[in-house]
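Notes to accompany the following structure.
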Amino acid sequence: MKMTRRDFTRSAGALAASPLLVSGSGMQETPTTSSRRLRYCIVGLGRISMDHFMPACKMSQAAQVMALVSGDRKKAEGQAAQYGVPAKNIYDYKNYDEIGNNPDIDAVYIALPNSMHAEYTIRAANAGKHVLCEKPMATTVRDSQSMVNACRAAGKKLMIAYRCHYEPTNLRAVQLIRDGKLGTVQAIESAFGFVEKAGEWRLNRKLAGGGPLMDVGIYSLNACRYLTGEEPSKIEGYCSTIDKDGRFAEVEENVSWTMRFPSGIVASCNTTYGGQMDGYYRVHGTKGYLHVEPAFSYEGLHLKAEIKGEAPVDEPNPAKDPSQFVAEADYFARCVFENKEPRSNGEEGLRDMQLINEIYKSCGLKMS
Ligand code: NAD
C-alpha cells in the first residue's frame with residue numbers, strides 16, 4: 001500500500017520528520033558553522049534577486065553574494081559595487097560554465113524566467129555547484145526530472161525556493177493542524193492572483209510555461225499539500241480568459257481547481273492574472289477554522305483561528321521583508337554545510353509540476 005504524506009506524518013515519531021516541522025521554523029536557527037558563509041552566485045539580476053534575495057544575503061550570517069551572472073554588464077557592475085563582488089566574479093550567460101573553475105563560489109541562486117531554470121540548474125550542477133532555484137522549478141515535468149537527476153549525479157544539493165516552508169506564520173498554521181486543534185480537517189480554500197501588465201515575460205508561454213497557475217497558483221497548490229501533509233488523489237481544473245485585450249494570447253488568465261486528498265479533505269483554489277487576489281488560505285475542521293491572509297506575501301502575514309472552547313487566535317506577524325529570504329538563504333547554507341537534504345528539495349518541486357500538469361490537462365491545456 002502506498003503511504004500518503006498524512007499517514008507518514010501521523011505515524012509514531014514521524015511528526016519530527018514532517019517536511020515543514022523539522023527543528024521549528026528554520027527562521028531563528030543560527031547556523032552551526034557560524035564562521036562560514038555559503039557563497040552564492042546570483043543568476044539573473046531582476047526583481048526577486050535585486051530587491052529581495054541579495055539584500056537578504058547582506059543581512060544573513062550564513063550567506064554571501066560572491067558572484068553575479070547577467071547579460072547586462074553595467075547593471076552587474078553596479079550590483080557588484082554594492083555587494084563587494086570582484087570584477088573577475090561577474091559572468092554572462094555564455095561564459096557561465098566557467099563558474100566551475102571558481103572555487104570562491106559554493107552555490108548558485110537561479111532567478112531567471114521559468115523556462116530557463118532547468119538549463120541553468122543543470123549547467124551549475126555540471127560545474128560542481130549547489131543550486132537554490134526559484135519556483136516554479138521549471139516549465140515541464142521532464143525538465144524538472146532532469147534537474148533532479150543532474151544534481152543527484154553531480155552530488156550537489158538542489159533546493160526550490162519555496163520560502164513559505166521556512167516562514168513562521170505558515171509553520172504555525174501547520175503546527176495547529178498537526179496538533180489537532182482544528183479537529184479533523186474537512187476542507188481548504190485558497191487563492192492567489194494579481195493583475196499582470198502587458199509586455200511581461202510572465203505572459204510569454206515560452207518563458208513562463210503557463211499563466212498564473214505556474215506563477216502564483218503554485219503557492220495555493222503547495223500550501224494545500226503542506227497543510228494536509230497529503231498528496232492529492234484527485235485533481236480537476238477549469239480555466240478561462242475573460243479579458244480579450246491581447247495579454248492572454250499565449251497563457252490563461254484564470255484557473256480554478258479542486259482536489260481530493262486520501263483522508264477525504266477537499267480543497268478548492270483559484271488563481272488569476274486579471275484581478276487582485278491577496279494570497280490566503282482557510283482551513284476548516286470539526287473543531288474550528290484557521291485563516292491566514294495574507295499567507296504568501298513578503299511581509300504582513302496574519303493568522304486568525306476560531307477554535308471551539310479556546311480563546312480566538314489573532315497573530316499578525318511583524319517580520320519585515322526580506323526576512324523570509326534570509327531564512328531561506330540561511331537554511332540552504334545549513335543544508336550544504338551539514339550535508340542535509342533540503343525540505344523543499346527537487347522532488348518537492350517536481351510533485352507540484354506533476355500536479356500542475358494534471359490541472360492543465362483537465363483544463364484541456366498542454367503544459368508548455
Ligand atoms: P524579472 O523579470 O524581474 O527578472 C528576470 C531576470 O532574468 C532579469 O534579470 C532578466 O534580465 C533576466 N533574463 C535573462 N534572460 C531573459 C529573457 N529571455 N527574458 C526575460 N528576462 C531574462 O523576474 P522576477 O520577478 O525576478 O522572477 C524571476 C524568477 O523568480 C521567476 O521564476 C519567478 O517565478 C520567481 N519569483 C519568485 C518569487 C518568490 O517569492 N519566491 C517572487 C517573484 C518571482
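If you're wondering where the values come from, they're calculated on a predicted model, not measured in any experiment. Order of appearance sets the numbers: ligands from 1, and atoms from 1 within every ligand. Numbering of residues begins at 1 and proceeds along the displayed sequence.
In this pair, Y109 and F53 present their aromatic rings parallel. The plane angle is below 30°, not in the 30 to 60° band.
With atom 7 (O) of ligand 1 as the reference point, the heavy atom nearest to it among A76, G46, G44, P113 is part of P113. Relative to atom 2 (O) of ligand 1, the option among F53, W201, Y162 with the closest non-hydrogen atom is W201. Between atom 33 (C) of ligand 1 and the options H117, K135, E134, M50, the minimum heavy-atom separation is to K135. Distances from atom 32 (O) of ligand 1 to the heavy atoms of D51, N114, L207, D321 put N114 nearest.
The N/O atoms of R202, backbone and side chain alike, include one that comes under 3.5 Å of an N/O atom in ligand 1. Inclusion of M116 in the set of residues having an N or O under 3.5 Å from an N or O of ligand 1 is not warranted. Taking distance alone, with nitrogen or oxygen atoms compared against 3.5 Å, L112 approaches ligand 1 more closely than that limit. The distance criterion of under 3.5 Å between nitrogen or oxygen atoms is met by L45 with respect to ligand 1.
Atom 43 (C) of ligand 1 is approached by the protein to below 4.0 angstrom, counting heavy atoms only.
Contacts of Y109 with ligand 1, taken as heavy-atom pairs under 4.0 Å, are absent altogether. Residue contacts with ligand 1, taken as heavy atom pairs separated by less than 4.0 Å, involve R47 via backbone and side-chain atoms alike.
Ring pair Y226/Y162: centre-to-centre distance not below 6.0 Å. Aromatic pair Y280/F296: ring centres not closer than 6.0 Å.
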task = Let me see the working for N317 and E167 under side-chain hydrogen bond (donor to acceptor under 3.5 Å, both in side chains), right down to the final yes or no.
result = CA-CA 10 Å; N317 183 337; E167 188 288 313; 3.0 Å; yes
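Between the side chains of Y166 and S344, at least one donor N or O sits under 3.5 Å from an acceptor N or O. No side-chain N or O of N357 forms a donor-acceptor pair with one of K366 less than 3.5 Å apart.
In plain terms, the two heavy atoms of A87 and R73 that are nearest each other are O-NH2, 3.7 Å.
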